[in-house]
Participant: 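Below are the structure tokens for one structure; questions will follow.
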Amino acid sequence: MRSLTIKKQKREKIKTLKDYLKLSEFRLQWSMVAVLAIILAVFTIRNPRVFLSFRIYYSFMSIIPFMAILALALTPVIICKEMDLSFPSILGFSAWMFTSLCASTGNPTLALIISLITGLLAGLLNGILVVKVGVPSLIVTIGTMFFWRGMIMVCSGGVGKTLVPVKGTILFQSLVGRIGGVIPAQALWAVGLAFLFWLILNRHKFGTHIYFTGDNIESARMMGIPVNRVKILVFAQLGFFAAFAGILLVLEALYHWPTTGQGFLLPTIASVFLGGTSAFGGMGTIFGTFIGCIIIGALEAGIISIGLMGFWTQVFYGLIIVISVGIHTILRRRT
Amino acid sequence: MELKNEKLVRMVNISKYFGEVAALRKENFEVGYNEVVGLIGDNGAGKSTLIKILTGVHPPGKGRIYFQGEEITYHSVERARELGIETVYQERALGEQQALWKNIFMGREMTTHLGFLQVKKAKKETERILKEVIGFTAAGLTPDSIVERLSGGEKQGVAIARALHFKAKLIILDEPTMGLSLSETKKVLNFVKGIKEQGKSCIFITHNIYHVYPVADRFVVLDRGRTVGEFIKKDISLEKLVNKLYLVARTGEISQN
Amino acid sequence: MLKRYLKLSEFKLQWSIFAVLVALFTLFIMGAPRIFLAPDMYYSFMSTIPFMTIMALALTPVIICKEIDLSFPSVMGISAWMFASLSASTGNPTLALIISLITGLLAGLLNGILVVKVGIPSLIVTIGTMFFWKGLVLVFSAAGGITLVPLRGTILFQSLVGRIGGVIPAQALWAVGLAFLFWLILNRHKFGTHIYFTGDNIESARMMGIPVNKVKILVFTQLGFFAAFAGILLDLEMSYYWPTSGEGYLLETIAAVFLGGTSAFGGMGTIFGTFIGCIIIGSLESGIISVGLSGYWTNLIYGLVIVISVSIHSILRRRT
Ligand SMILES: Nc1ncnc2c1ncn2[C@@H]1O[C@H](COP(=O)(O)OP(=O)(O)OP(=O)(O)O)[C@@H](O)[C@H]1O
Ligand SMILES: [Mg+2]
């Protein structure tokens with residue numbers, strides 16, 4: 001009887017706690033929307049002509065999706081309490097694969113498939129090294145980051161390659177074409193993928209497994225969650241989507257540089273954290289990541305258009321990251 | 001100097017909340033000179049929380065703590081140690097990947113004035129502790145052993161040795177027999193007897209009344225953050241105490257007669 | 001017996017990394033005996049590797065503490081700018097040195113405070129401060145470089161990056177001296193013990209009275225300080241300040257620390273390992289080019305060396 005009452009008591013406690021948490025997670029997400037709204041408001045006030053016209057949003061829609069796709073796929077990895085620093089290099093290598101296969105075979109669909117598989121395998125390699133060999137992911141992916149970056153240089157011989165012949169193909173149209181002449185297809189891809197990721201994380205068994213694995217891996221293992229498989233899959237999908245983002249990127253630019261993908265690393269990670277995903281695993285939302293990407297992506301364009309030099313972008317990145325995440329941390333601590 | 005009826009430790013009106021969870025509710029608790037107190041209670045009763053407040057890990061909040069009759073105003077782990085309170089925590093509080101000798105002196109390293117370690121001295125001392133204080137002569141257990149690879153009993157032994165080594169007035173053992181074999185449990189109980197014989201005091205926390213009954217002078221039963229019963233050993237037999245505990249478990253209340 | 005085993009495994013780990021270094025240099029010597037048997041190559045290593053080494057040494061305690069810092073190259077950048085611009089404007093390099101070191105110290109302190117007092121995970125905080133300081137460098141220096149040629153020949157210059165006996169770069173001696181200092185602190189000083197315990201199990205450390213917050217703040221602060229020091233050395237060695245100085249050090253430095261066997265899970269790591277890790281990372285590029293491979297291979301081989309070495313570490317640790 002005693003244990004029953006205790007159980008009841010505890011359940012009640014947990015219930016309120018959970019409600020609290022829910023509330024705070026809610027607040028957290030809305031606080032990010034508020035940050036975004038404030039940033040856009042400031043920009044609009046400072047430069048109404050630019051920010052009240054469609055052009056700037058058009059350019060957001062054509063630029064932000066690459067990072068957004070990366071960030072979406074990175075979110076489950078971080079929820080799993082793992083890290084990946086190699087995805088920009090995987091992006092670069094898969095993009096090279098796509099570019100050179102397009103040129104040599106003249107068959108962009110084949111190139112697309114092989115390139116996606118390349119990314120998938122590269123991600124799988126990370127997963128296997130982490131799970132089977134037991135090297136911490138932060139370390140292993142520094143290694144594979146250098147490795148794939150090196151592969152690009154060795155394979156490409158350090159020179160770029162054009163993709164202009166692919167322009168106008170159905171593949172091109174459906175990946176980076178302008179829908180109705182105005183909406184960049186990549187934006188629709190990003191939104192669609194965001195929905196897909198949301199669905200998997202929140203409405204699918206696999207998503208639940210990801211959260212539990214990141215929350216407490218020992219408990220998850222004991223409760224029969226295949227934590228190793230979860231981790232491997234999570235790394236593999238990041239490789240896959242990094243390749244996809246790479247293909248979109250080279251199609252949009254119609255050119256592959258050996259440096260393609262560099263510079264995505266830290267802004268992408270920053271936007272995931274900005275979205276409220278916890279560095280300690282077990283917590284994170286797709287909605288948050290999506291907003292985080294828009295904030296990071298909009299800042300650069302915005303800062304330049306309100307007349308500050310581009311140099312300021314990074315200062316603002318830094319401030320916004322520290323302040324927003326500071327707010328998250330304090331919001332979470334209260335409960 | 002101290003009045004004979006003054007207690008070694010007196011904790012008055014201690015409350016502790018973890019968020020919404022009340023771990024302690026206006027709890028009063030005492031330990032006399034040369035007394036072994038058995039602190040008993042269900043999981044989550046607040047036993048560990050109570051002693052962590054005494055040892056300075058948690059702040060005491062609005063409550064007051066008196067040591068040898070004097071109120072302690074500034075409370076911290078260092079202060080508790082200066083006063084002569086040594087603790088074996090339930091969590092053992094060991095740095096598992098570090099060497100045994102470093103663990104023995106964790107938080108109060110043997111150093112020169114500039115803070116440099118006296119490695120040789122500390123290792124020698126550790127060796128002595130291993131032999132004399134806990135009587136571990138198991139092959140392979142040396143000051144350089146990495147704690148991670150010790151057995152559960154050996155780890156507990158290290159944590160106890162650490163507490164016994166520094167000349168304390170009050171030794172707190174939080175679940176010291178958890179996960180120990182019969183023979184090792186016996187060793188621990190002998191430590192407690194030794195503490196009593198040396199004229200020191202001890203708080204012995206456990207779920208297992210059969211362990212604590214032979215060595216304690218007094219029993220305090222904690223339930224959901226407050227004391228529900230207190231018994232002097234001479235007044236109560238083991239069977240009666242066990243019955244009382246069943247009663248608490250069922251009703252959450254206890255009759256003092 | 002057990003003890004010998006245990007010791008052996010950490011030992012093995014250190015020797016395995018040393019073996020990688022020896023193997024690498026054997027390959028270099030076989031591939032390009034004329035270059036790798038002459039002292040010039042080694043002088044050049046001694047002039048280039050110390051910058052990364054100093055930062056890697058200071059990063060090691062941070063990682064042992066189970067924290068991470070991604071902002072140190074930017075802190076290095078802002079301190080390097082501070083030193084260069086103050087030297088140029090005041091003509092007093094000593095003053096510039098002091099202010100620049102203090103800048104680095106404060107930047108490190110800021111990281112520490114944000115991590116400990118606000119409670120933001122260090123990985124995130126330092127991504128933020130990394131952008132912040134890098135941005136400030138760009139804003140301040142307006143993308144222009146600063147020459148430091150006038151400092152050549154000053155005592156400061158001589159003692160920091162001069163050539164001792166005409167050949168040995170002073171920065172190499174600084175790096176070796178600092179390695180010894182860090183070794184001393186980590187292994188023979190109370191503070192070092194506190195760092196290991198904090199990284200090993202912060203709750204235990206707290207319960208045993210180790211001032212874990214102070215330890216963490218200090219550890220971040222010293223990294224800021226030494227990043228500034230490395231930035232000043234780099235300025236002086238180049239005799240020129242570029243707004244991009246410090247860039248490119250991030251991942252290589254972290255890689256060097258991990259290559260040296262420091263654990264990403266805290267509580268474990270050695271200065272010896274880090275030092276060897278730095279030599280490996282620092283000599284690979286020149287080595288690769290000297291043996292006749294194109295520079296394009298550098299990153300690929302970095303990657304292979306890192307993945308293989310840390311896999312060996314992981315397996316060695318698991319076995320025991
Ligand atoms: N650091 C903490 N954060 C949040 N809640 C805590 C913390 N420590 C203890 N509690 C809560 O306080 C209550 C009392 O815990 P405490 O550890 O004191 O119990 P206990 O009597 O030692 O139990 P056990 O016999 O299981 O060790 C429990 O409900 C526990 O969940
Ligand atoms: Mg307890």
Side-chain angles (χ1 to χ4, degrees), chain A residues 83 85-86 89 125 129 133-158 258 265-267 269-270 272-274 277-280 308-330 332-333, chain C residues 68 70-71 74 110 114 118-143 243 250-252 254-255 257-259 262-265 293-315 317-318:
Chain A
M83 190 29 119
L85 304 180
S86 70
S89 300
L125 177 68
L129 285 168
V133 187
V135 195
S137 53
L138 179 68
I139 308 183
V140 112
T141 57
I142 292 179
T144 51
M145 184 252 341
F146 279 118
F147 179 79
W148 295 114
R149 181 63 51 203
M151 283 292 279
I152 301 168
M153 294 307 282
V154 172
C155 294
S156 70
L265 179 62
L266 293 166
I269 296 176
V272 173
F273 286 135
L274 208 52
T277 298
S278 160
F280 301 126
L308 280 173
M309 271 184 304
F311 301 146
W312 282 96
T313 317
Q314 309 221 354
V315 178
F316 279 96
Y317 276 173
L319 284 177
I320 296 231
I321 292 166
V322 171
I323 292 171
S324 309
V325 180
I327 292 173
H328 293 177
T329 310
I330 290 165
R332 283 221 172 102
R333 200 165 43 181
Chain C
I68 189 78
L70 305 180
S71 72
S74 302
L110 177 69
L114 286 169
V118 186
I120 318 176
S122 53
L123 178 66
I124 309 183
V125 163
T126 57
I127 290 179
T129 52
M130 183 248 352
F131 279 122
F132 182 77
W133 295 116
K134 197 160 118 191
L136 275 191
V137 168
L138 291 176
V139 170
F140 286 156
S141 63
L250 178 62
L251 292 165
E252 290 179 14
I254 297 178
V257 174
F258 285 135
L259 205 54
T262 298
S263 160
F265 301 126
L293 281 173
S294 96
Y296 298 147
W297 286 88
T298 314
N299 280 332
L300 192 142
I301 291 173
Y302 271 165
L304 282 179
V305 169
I306 293 168
V307 170
I308 292 171
S309 312
V310 296
S311 295
I312 293 173
H313 292 179
S314 296
I315 291 166
R317 282 227 170 96
R318 201 168 41 182

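Note that the coordinates shown come from a computational prediction; the quantities given were computed from them, not determined experimentally. Letters go in sequence order (proteins before strands), and every chain restarts at 1. The figures here come from the full heavy-atom set of this structure, side chains too, leaving out hydrogens, waters and symmetry mates.
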Participant: Identify which part of C:S294 has an atom lying under 4.5 Å from any heavy atom of chain A, answering side chain, backbone, both or neither.
Facilitator: neither

Participant: Report the distance from atom CG of A:L265 to atom CG of C:L70, rounding to the nearest 0.5 Å.
Facilitator: 8.5 Å

Participant: Checking C:V125 against chain A: side chain, backbone, both or neither under 4.5 Å from a heavy atom?
Facilitator: backbone

Participant: May I ask you to name which of A:G157, A:G134, A:A270 has the most heavy-atom pairs under 4.5 Å with chain C?
Facilitator: A:G157

Participant: Please classify the contact between C:I68 and chain A as side chain, backbone, both or neither, with a heavy-atom cut-off of under 4.5 Å.
Facilitator: side chain

Participant: Only counting residues at least two apart or in another chain, list the ones meeting side chain to side chain contact (heavy atoms under 4.5 Å, CB included) with A:F146.
Facilitator: A:I142, C:L251, C:E252, C:A255, C:N299, C:Y302, C:I306

Participant: Evaluate the side-chain proximity of C:V307 to A:V133: yes if any heavy-atom separation is below 4.5 Å, no if none is.
Facilitator: no

Participant: Between A:F273 and C:L123, is there a side-chain heavy-atom distance shorter than 4.5 Å?
Facilitator: yes

Participant: Is the backbone of A:P258 close enough, under 3.5 Å, to the side chain of A:R149 for a donor and an acceptor to pair up by distance?
Facilitator: yes

Participant: Name the option with the most non-hydrogen atom pairs under 4.5 Å to chain A; the candidates are C:L304, C:T298, C:I308.
Facilitator: C:L304

Participant: Sort C:L110 into side chain, backbone, both or neither according to what part of it lies under 4.5 angstrom from a heavy atom of chain A.
Facilitator: neither

Participant: Side chain to side chain contact (heavy atoms under 4.5 Å, CB included) with A:V322: which residues, sequence neighbours excluded?
Facilitator: C:L114, C:T129

Participant: Where does A:F280 contact chain C at under 4.5 Å (heavy atoms): side chain, backbone, both or neither?
Facilitator: side chain

Participant: For the interface with chain C, which of A:V325, A:L319, A:V154 has the highest count of heavy-atom pairs at distances below 4.5 Å?
Facilitator: A:V154

Participant: Which bit of A:I152 comes within less than 4.5 Å of chain C, counting heavy atoms only: side chain, backbone, both or neither?
Facilitator: neither

Participant: Identify the heavy atoms of A:L274 and A:I321 that sit nearest to each other, and give their distance.
Facilitator: CD1-CA, 3.8 Å

Participant: C:L293 versus chain A, heavy atoms under 4.5 Å apart: side chain, backbone, both or neither?
Facilitator: neither

